[in-house]
Each structure stands twice: as C-alpha cells, then as structure tokens.
There are 2 protein chains.
Amino acid sequence: MEVSTEKRQFVEHLQAFRNILGESFVFTDEESLNNYAHDETENLHFLPDIVLKPRTAEELAATMKICNAHKIPVTPRGAGTGLSGGALPHLGGVLVSFERMNSIDIDERNLQVTVEPGVITEVLQNAVKEKGLFYPPDPSSRGSCFIGGNVAENSGGPKAVKYGVVKDYVLNLQVVLPTGEIIWTGANVLKNSTGYNLTQLMVGSEGTLGLVTKIVLKLLPHPTYELLMLVPFNNLEKAGEAVSAIFRAGFTPSALELVEINALKIVSSFVDSTVVPVTDDMEAHLIIEVDGNNMDVLMQEMEAIAELLTQFDCGEIFFADDAQQKAELWKLRRRVAEAVKLDGYTIEEDTVVPRAALPALIRGVKELGKTHHFKVVCYGHAGDGNLHIRIKKEGNIYSLNNPNVIPALRALFELVKKLGGTISGEHGIGLIQKEYMGIMFEDMQLELMRGIKRTFDPNNILNSGKIFDQK
Amino acid sequence: MEVSTEKRQFVEHLQAFRNILGESFVFTDEESLNNYAHDETENLHFLPDIVLKPRTAEELAATMKICNAHKIPVTPRGAGTGLSGGALPHLGGVLVSFERMNSIDIDERNLQVTVEPGVITEVLQNAVKEKGLFYPPDPSSRGSCFIGGNVAENSGGPKAVKYGVVKDYVLNLQVVLPTGEIIWTGANVLKNSTGYNLTQLMVGSEGTLGLVTKIVLKLLPHPTYELLMLVPFNNLEKAGEAVSAIFRAGFTPSALELVEINALKIVSSFVDSTVVPVTDDMEAHLIIEVDGNNMDVLMQEMEAIAELLTQFDCGEIFFADDAQQKAELWKLRRRVAEAVKLDGYTIEEDTVVPRAALPALIRGVKELGKTHHFKVVCYGHAGDGNLHIRIKKEGNIYSLNNPNVIPALRALFELVKKLGGTISGEHGIGLIQKEYMGIMFEDMQLELMRGIKRTFDPNNILNSGKIFDQK
C-alpha cells in the first residue's frame with residue numbers, strides 16, 4: 001500500500017524533531033495529545049498532532065525552522081491555565097510545551113531575575129522572596145500558571161492596583177521568532193529609548209509574534225508588613241463607588257478586590273470556610289490590603305480608609321488578625337472563579353473600565369442579565385476597574401459561536417466600550433473573544449496588528465487565528 | 001518663462017494646506033523656516049520647506065493625506081529640546097509643529113488626564129498638582145519641552161528611579177497615521193490585554209510611526225513631603241557603588257542623581273550658586289531625595305541611607321533645609337547639561353547600564369577618554385543606571401559622521417553593550433545615534449523594526465531616516 005505524501009511528510013518531520021530534541025521529548029501518543037488539547041477555557045478541545053518539549057532556545061529555534069519551511073501550525077503553551085483559549089491547538093500541528101524550560105537566575109545586585117517561561121509564578125515569587133525581593137504580579141492561578149503564559153497574556157492579579165501588571169516588570173526578552181531566529185528584544189536596563197519597544201510589543205501578544213524563551217524581570221524590595229480587611233456593603237453599586245473614593249482620597253492600597261455576595265457564598269461553601277460571616281443583607285464585599293515597611297503608618301492608613309468607607313453604607317469591618325486569617329481570606333478570593341464555574345457560571349468575561357465607571361458597569365450588567373436572561377456574578381480587581389463577570393445561562397454550555405450567547409456578550413462589550421473600557425484586562429483575547437475585537441477597534445487598528453503579525457510571522461504559522469484572523 | 005512642475009506642485013500643496021489650516025498657520029517665510037531648522041542637538045541645521053501648525057487631529061489628518069499621496073517628507077516637532085535630532089527636518093518637506101495643540105483635561109474621578117502634545121511638561125505637572133495629583137516624569141528641560149516630545153522619546157528624568165518613565169503613565173493615545181487615518185491605540189484603562197499593545201509601541205517610536213494628537217496619562221496622588229540631601233564622595237567609582245548598595249538595602253529613593261565634580265564646578269559657576277561647598281578633594285556628589293506622606297518615616301529613611309553611605313568614603317552630607325535650598329540644588333542639577341555644553345562638552349551621550357555596572361562604566365569611560373584623547377564629564381540618573389556622558393574634544397565640533405569622533409563613540413557603546421546596557425535611556429536615537437544601532441541590535445531586530453515601520457507608513461514619509469534607515 002502506498003503511504004500518502006502527507007503521512008510520509010509527517011513521519012519525516014517527526015524524525016527531524018526527534019533528532020533535535022531527543023526521542024523522549026517528542027510525543028504523539030493519544031494520552032499526551034489529549035493532555036494538551038484543552039486549557040481552563042470551558043469545553044474546548046482540540047488535538048495537536050505532535051507535542052514538543054524543548055529544553056533550550058536553540059532546540060526550539062531548530063524545530064521552528066522546520067515548521068516555518070513546511071508551514072506547520074505551532075501553538076505555544078504554558079501551564080494551560082488560560083481563560084481565553086490562547087494555548088489551544090485549534091489548527092492541530094505542533095504544540096510546544098515549555099515545562100522543561102524552568103530555570104531561575106536571580107541578580108541580587110541589580111534587583112533583577114532572568115527566568116525561563118516554564119517556571120510556575122508562585123515558585124518564582126517564593127524564590128525571589130527568599131532574597132528579600134518582590135515580584136508582584138500574581139494571577140489567581142499563581143500556584144499553577146507559568147510565568148511565560150503571564151507574559152503572553154500580560155497578566156495582572158490583585159497587586160496590580162499598586163504595583164502594576166506583568167508589562168511593568170518585563171525589561172528584556174529572549175524570543176525565538178516563527179522563522180527560527182533567536183533575538184533579544186532589548187537590554188537588561190530600567191530605561192530604554194533605543195528603537196521600537198519590541199519588548200512591550202511582545203508582552204500581551206499571546207504567543208502570536210514569537211516564542212519567549214527567557215524573561216528578564218525587574219524586582220522590588222519586598223514590603224515588610226501588610227494589613228488586610230474585609231468590608232461588607234449593603235449595596236453593590238455603593239461598593240463600586242467606594243472603590244473610586246478610596247483613590248480620590250489619596251490612598252493606594254496594595255489590593256482592592258470586590259466580591260459579590262453570591263460569589264462569596266458559593267466560594268465559602270466550596271472551600272468550607274467560615275472565616276467570613278456571610279449575612280443576607282449584604283450585597284458585596286471589598287477586600288482591602290495595604291502594605292509597606294512601617295506598621296504604625298499602615299495602621300493609620302487602614303483606619304483612615306475604614307473611616308472613609310462609613311460614608312458608603314458599609315457593614316461591620318472584619319480585620320484579618322493574623323497570617324492564617326489573611327491566608328484564608330485570600331484563599332476565598334483566589335478560588336472564586338473555580339467555585340462559581342462549578343456552580344454553573346461557566347462563561348467568564350474580563351471587562352475593564354475607568355475606575356469611576358464601575359458602578360455604571362455593575363448596574364448595566366445586572367440589567368443585561370434581565371434582558372438576555374442570564375444569571376451573573378461579579379468579582380475582581382475593582383481597584384483597577386477590572387471586573388470579572390461570570391454568566392450562567394440555562395442549557396448554554398459555552399461553545400464558540402453559540403448563537404444563544406453571542407448577543408448577550410455583544411451587548412456587554414458594547415456597554416464596556418461606551419464606558420471607556422475594553423473587553424480584556426488580563427485574560428487576553430485568544431480564540432474565544434476574537435470575534436468581539438471589532439467592537440473595540442476599527443479596521444485600521446486591526447490592519448496594523450495584522451501587518452505587525454506578518455512582519456514577525458510571514459507564513460502565519462505561530463498561534464494563527466488567535467486575537468484576530470489574518471487576512 | 002515656464003514654471004517648473006516641481007514649483008507648480010509646491011504651490012498647489014501650499015494652497016491645499018492653507019485651505020485646511022487657514023492662511024495664518026502655514027509658513028514658508030525664511031524666519032519661520034529657520035526657527036524650526038534646529039533642536040538642542042549640537043550644530044545641526046536643516047531647513048523645512050513648509051511649517052504647519054494644525055489645531056486639531058482632523059486638520060492634521062487632512063494634511064497627512066496630501067503628504068502621503070505626494071510622498072512629501074513630514075517631520076513632527078515638539079518644543080525642539082531633543083538631544084538626538086529627532087525633530088530635525090533633514091529631508092526638507094513639511095514640518096508639523098504641535099504648539100497650538102495644548103489643551104489639558106483632568107479627570108479627577110479616575111486620576112487621569114487627557115493632554116494634547118503641545119503642552120509644556122511643567123505646565124501639565126502644575127495643572128495636575130493643583131488638584132493634588134502627580135505626573136512624575138520630568139526631563140531636565142521640563143520648563144520648555146512638550147509632553148508630545150516626551151512621549152515620542154519615552155523620556156525619564158530624576159523621578160524615574162521610583163516612579164518610572166513616560167511609558168509607565170501612557171494609557172491611551174490618539175494618533176494620526178502617516179496615511180491620514182485617526183486611531184486610538186487602546187482604552188483609558190489601567191489594565192489592557194486586548195490585542196497588540198499599540199500604545200506601548202507608539203511610546204518611544206520618535207514620531208516615526210504616527211503623529212500623537214492626544215495623550216491619556218495615569219496620575220498618582222501627589223506625595224506630601226520630600227527630603228533632599230547632597231552627598232560628596234572622595235571617589236567617583238565609590239559613588240557608583242553606593243548607588244547600587246542603596247537599592248540592595250531595600251530603599252527606593254524618589255531621586256538618585258550623580259554629578260561628577262567637574263560638572264558641578266562648571267554649573268555652580270554658571271548659575272552663580274554657592275549653596276554647595278565644592279572642595280577639590282571630592283570627585284562626585286550624589287543627590288538623594290525621598291518622598292512620601294509621613295515626615296517621621298522619611299526622616300528615618302534619610303538617616304538610614306546617610307548611615308549606609310558612610311561605608312563608601314563619603315564626605316560631610318548636606319541636608320537641604322528648606323524649599324529654597326531644595327530648589328537651588330535641583331536648579332544646579334537641571335542646568336548641568338546646559339552649563340557643560342557651553343564649556344565645550346558638546347557631545348552628550350545617554351548610556352544606560354544595569355545599576356551595579358555603573359562603577360565599571362565610569363571607570364571604562366575615563367579610560368576611553370585617555371585612549372581617544374577626549375575630556376569627559378559624567379552626570380545623570382544614577383539610580384536607573386542612566387549616565388549622561390559629555391565629551392569635549394579639541395577642534396571637534398559635533399557633526400554627523402565626523403571621523404574624529406566616531407571611533408570614540410563606537411568604543412563607548414561597545415563597552416555599554418558589554419556591560420549589559422544600551423545606548424539610549426531617555427534621549428532616543430533620532431538622527432545622530434542611528435549609525436550605532438548595529439552595536440545594540442543584529443539585522444533581525446532592525447528588520448522587524450523596518451517591517452513595523454512599513455506597516456504604519458508604507459510610503460516612508462514620516463520622520464524617515466530617524467532611528468534607522470528604511471531599506
């Protein structure tokens with residue numbers, strides 16, 4: 001029997017990849033392929049043809065040259081914790097997993113770290129903390145997500161309100177281009193006005209422009225103390241108003257999170273926690289943290305914020321007394337997404353608006369829920385104006401292009417746009433939000449993005465069809 | 001006599017520009033052309049053919065459509081304070097001055113400001129300070145430079161060490177593209193993972209990708225107090241070592257500037273100041289500022305830093321007692337460049353290295369001075385590793401491609417590269433550094449930059465020949 005050309009080519013490529021990476025790091029067995037067929041985006045499943053696990057940029061570059069020459073689709077993947085389908089191999093082809101690239105090299109003299117993309121964010125944070133240093137951005141998934149994925153999505157997390165997001169820490173990147181060249185995007189310096197900012201262009205480009213193989217991050221001295229309080233509000237919109245007021249009064253908390261009561265109830269039961277007394281007359285809670293190096297100053301700041309909040313119809317404030325209470329409170333916050341998803345709130349949106357527009361967004365979302373017949377819970381990084389909106393719609397398992405969901409999401413994103421916001425604050429566009437890009441951008445911006453993509457990836461092999469479709 | 005085609009076309013374009021902007025805002029007289037023929041880069045003079053002063057993005061867009069259709073070179077210009085020749089109309093054609101676009105719209109509710117490019121940076125700072133708000137980045141030229149130019153160069157200034165540079169404050173930009181379309185690059189939000197970061201790509205692109213017509217900046221609450229001290233060091237390298245030690249000890253000063261003794265002597269005499277006792281046994285001074293909202297904490301911090309510095313062979317520390325002393329000290333620092341330039345140090349470089357490499361850079365620069373027979377003074381934002389190096393070479397008035405200067409500069413930049421740094425921290429590449437881009441980047445990165453440029457400016461009309469030459 002004749003072997004088809006396609007099949008013969010596949011076997012040839014496979015052998016070439018094995019020659020480069022070694023037999024043990026090229027996978028085609030069903031179990032492996034299945035392991036890399038999904039991420040944390042609901043109900044989406046796409047099998048790659050081959051999984052590669054390179055150890056070095058040079059190995060990866062050699063494999064990319066083959067993929068580029070033969071126009072084989074390539075999907076880069078961190079830990080698969082993404083919420084926009086960015087790591088899904090929806091075109092088959094090669095999936096590159098970075099799990100073997102996981103070194104950490106701390107430069108204490110310069111307060112910098114060079115880290116490979118396969119390091120778990122929390123592992124990185126702990127490693128630098130041991131040296132008294134601080135890498136602030138930590139998504140809720142910090143215990144499992146990879147720093148490479150964080151760079152791809154420009155992740156945020158609760159500390160972003162004071163300390164900024166991933167882009168504010170990335171100084172320089174080593175990148176394997178889709179064409180197989182290896183470049184550094186900049187230099188390991190705090191200021192740089194030397195040509196176009198390829199570093200910042202790469203951050204948040206969701207693995208469509210290049211494969212990041214080394215990340216140089218700026219670090220800070222670790223703050224000595226932090227104080228945490230939980231503030232219940234009788235009214236959700238008032239909670240939103242309070243957020244804006246805190247900043248206008250000159251405070252900069254190190255975290256300012258909002259959790260709607262339904263979400264709090266669901267997660268409290270999910271993690272079996274009783275640390276927070278949940279009463280039915282409350283609509284939302286704010287979690288407020290301040291940090292710094294002087295305990296007296298922090299106490300004063302916390303008291304002043306608490307005093308300010310009494311103007312916003314808040315209930316009795318709960319001050320976390322010790323490390324354990326703080327940990328439990330953060331556990332509640334970090335596991336909200338997981339808990340409400342299991343409760344049927346499967347669609348997660350990642351809207352962000354100017355901070356003062358939060359009450360209008362919250363009000364609008366509730367109205368949309370009535371019009372479009374969905375249940376909704378809100379939570380997220382309110383201090384940044386970044387509200388995660390989880391939607392539950394009977395019988396509506398999430399799927400791409402589900403005609404039953406699209407009108408509701410379009411209406412939501414049009415509201416966000418009207419409020420001066422945008423459709424993703426930290427999760428990225430990936431596969432599932434790309435059809436809504438037209439709400440945020442006109443053709444011209446998308447054409448510029450397509451032109452940039454063509455410059456980096458002339459054969460359109462790298463994570464193609466994410467963020468936008470190439471024309 | 002026949003009128004040449006070229007001349008006839010010029011007259012036609014002129015009339016078209018006048019129809020769009022009005023008679024009074026299109027200039028071709030010799031005095032006007034001369035006014036826009038130079039910036040603060042030494043001894044360079046290029047006459048534009050026409051100067052345009054649009055008031056709105058729409059007017060500018062209409063003029064750009066004409067320039068694009070007829071491939072007329074366009075040079076955007078802020079206040080002309082640039083040090084890399086970015087605003088020089090070296091190809092003639094149209095020069096766009098933004099001086100009439102100077103509105104400021106403060107959004108106190110969101111701690112944001114929307115500002116037009118022709119606003120003087122210090123005017124912007126004062127306007128937001130009146131509302132208790134803070135826009136930190138301020139180059140030494142803040143009293144005359146435009147915020148639009150600051151965005152183009154990704155400027156820094158003394159506060160960058162704690163508060164970051166321009167790119168850390170730009171949330172969104174309105175841009176007129178070379179092809180005449182008007183776009184917004186993002187949204188007025190603190191976090192954004194919605195497509196490629198066109199905002200960050202535009203910041204620092206030196207007016208080669210688009211003409212920025214509105215800038216949305218993040219603001220901070222203005223700190224209440226600041227303390228300032230001046231620390232003399234017997235040894236220049238020790239001063240460099242002290243810089244790194246301050247950060248490693250966990251301090252984050254709001255400014256950490258270094259001024260070499262020669263520069264201090266020259267500027268002291270230039271501004272006729274006696275605030276600083278300059279003695280001959282000192283080689284350099286550090287200017288150190290801390291800021292915050294609690295005076296006791298600041299006093300403790302200042303004392304702790306002073307205590308730490310005794311390990312680095314420093315002299316008697318001078319604490320600025322009052323607002324006047326602080327102002328005088330800052331005046332000294334801000335006018336160094338002007339003073340040493342008048343003293344013959346005409347070539348200014350803007351090197352930046354990882355902070356701990358400062359002593360090696362300082363040592364290397366002094367050695368290069370001996371080898372290449374130039375005198376040198378160093379000063380700058382030492383906390384960022386950003387050292388301005390001023391060179392004086394007998395008989396060597398600065399000119400492009402001066403064969404007498406190039407080998408010295410190449411040697412300097414190769415040293416900077418070897419130390420992990422780069423050739424511009426905040427001044428940009430512009431016209432005069434572009435031939436050194438090959439030291440920092442390989443062909444591949446430059447090809448990516450050229451591809452991005454082609455995407456934005458297919459006819460290569462906008463500030464063409466700055467940063468790199470298009471192929």
Side-chain angles (χ1 to χ4, degrees), chain A residues 108-112 132 153-154 156 160 165 168 181 183 187-198 200-201 203-205 221 244 247-248 250 252 294 297 352-356 384-386 420-429 437 440-442 444-445 448-449 451-452 455-456 467, chain B residues 108-112 132 153-154 156 160 165 168 181 183 187-198 200-201 203-205 221 244 247-248 250 252 294 297 352-356 384-386 420-429 437 440-442 444-445 448-449 451-452 455-456 467:
Chain A
E108 285 183 81
R109 294 191 321 145
N110 286 303
L111 276 59
Q112 294 179 7
E153 305 301 325
N154 189 19
V165 295
D168 301 310
E181 288 88 358
I183 64 165
N188 298 3
V189 290
L190 295 168
K191 299 163 81 176
N192 198 332
S193 295
T194 312
Y196 297 159
N197 199 332
L198 301 180
Q200 289 296 323
L201 180 59
V203 176
S205 65
S244 175
F247 291 90
R248 283 156 69 188
T252 305
N294 185 301
V297 171
V352 55
V353 292
R355 196 186 284 138
D384 297 313
N386 184 199
T422 188
I423 63 180
S424 178
E426 57 179 21
H427 294 173
I429 300 303
M437 283 286 275
M440 275 315 299
F441 294 113
E442 293 170 63
M444 195 62 219
Q445 290 104 316
L448 292 174
M449 293 185 199
I452 293 168
T455 295
F456 282 75
I467 310 181
Chain B
E108 286 183 79
R109 296 191 320 145
N110 286 303
L111 276 59
Q112 294 178 9
E153 305 303 324
N154 190 20
V165 295
D168 302 309
E181 287 89 359
I183 63 164
N188 298 3
V189 290
L190 295 168
K191 298 163 81 176
N192 198 333
S193 295
T194 312
Y196 297 159
N197 199 333
L198 301 180
Q200 289 296 324
L201 180 59
V203 176
S205 65
S244 175
F247 292 88
R248 284 158 67 189
T252 306
N294 186 302
V297 171
V352 55
V353 292
R355 194 186 285 138
D384 297 314
N386 184 198
T422 188
I423 63 180
S424 178
E426 54 180 23
H427 293 173
I429 300 303
M437 282 287 274
M440 275 314 299
F441 293 113
E442 293 169 62
M444 195 62 219
Q445 290 106 314
L448 293 175
M449 293 185 198
I452 292 168
T455 296
F456 281 74
I467 309 181

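Keep in mind that the numbers below use all heavy atoms, side chains included, and drop hydrogens, waters and symmetry copies. Not measured: the values here are computed from a predicted model. Below, chain A is the first sequence line, B the second, and so on; all start at residue 1.
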Looking at chain B, which one of G451(A), S205(A), G425(A), G421(A) has the largest number of heavy-atom pairs inside 4.5 Å, strictly under?
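Max contact count across the listed options: G425(A).
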Among G204(A), G132(A), P354(A), which residue forms the greatest number of heavy-atom pairs with chain B at distances under 4.5 Å?
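Looking at each option in turn, the highest pair count goes to P354(A).
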Can you tell which of [options] has the highest number of heavy-atom pairs within less than 4.5 Å of chain A?
options	answer
N110(B), L190(B), N197(B), V203(B)	N110(B)
S193(B), G428(B), G385(B), P221(B)	S193(B)
M440(B), Q200(B), E442(B)	Q200(B)
I423(B), I183(B), N188(B), L448(B)	L448(B)
L201(B), L111(B), I467(B), N294(B)	L111(B)
T252(B), N192(B), N154(B)	N192(B)

Proximity breakdown for L198(A) and chain B, heavy-atom pairs closer than 4.5 Å
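Looking at L198(A), just its side chain touches chain B.
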Checking M449(A) against chain B: side chain, backbone, both or neither under 4.5 Å from a heavy atom?
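Contact with chain B involves both backbone and side-chain atoms of M449(A).
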Kindly write out the residues that satisfy side chain to side chain contact (heavy atoms under 4.5 Å, CB included) with D168(B), not counting sequence neighbours, or none if the list is empty.
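D168(A), V165(B).
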From Y196(A) OH over to I429(B) CD1, what is the distance, rounded to the nearest 0.5 angstrom?
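Y196(A) atom OH to I429(B) atom CD1 measures 12.0 Å (nearest 0.5 Å).
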How long is the span from the NE2 atom in H427(B) to the CD atom in E153(B), to the nearest 0.5 Å?
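H427(B) NE2 to E153(B) CD: 9.5 Å, rounded to 0.5 Å.
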Atom group of E426(B) that falls short of 4.5 Å from chain A, counting heavy atoms
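Interface part for E426(B): both.
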Checking E181(B) against chain A: side chain, backbone, both or neither under 4.5 Å from a heavy atom?
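Side chain of E181(B) only, per the 4.5 Å heavy-atom cut-off to chain A.
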Return yes if some donor-acceptor pair links the side-chain N/O of T194(A) with the main-chain N/O of S424(B) below 3.5 Å, else return no.
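Between the backbone of S424(B) and the side chain of T194(A) there is a qualifying donor-acceptor contact (under 3.5 Å).
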For a quick test of reading the model, state the closest non-hydrogen atom pair linking A187(A) to G420(B) and the distance between them.
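So the minimum-distance heavy-atom pair works out to CB-O, 3.9 Å.
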Nearest heavy atoms of R109(A) and S244(B), plus distance in Å:
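Minimum heavy-atom contact is O-OG, 3.4 Å.
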Side-chain touch T422(A)/F441(A), heavy atoms, less than 4.5 angstrom:
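No, side chains not in contact.
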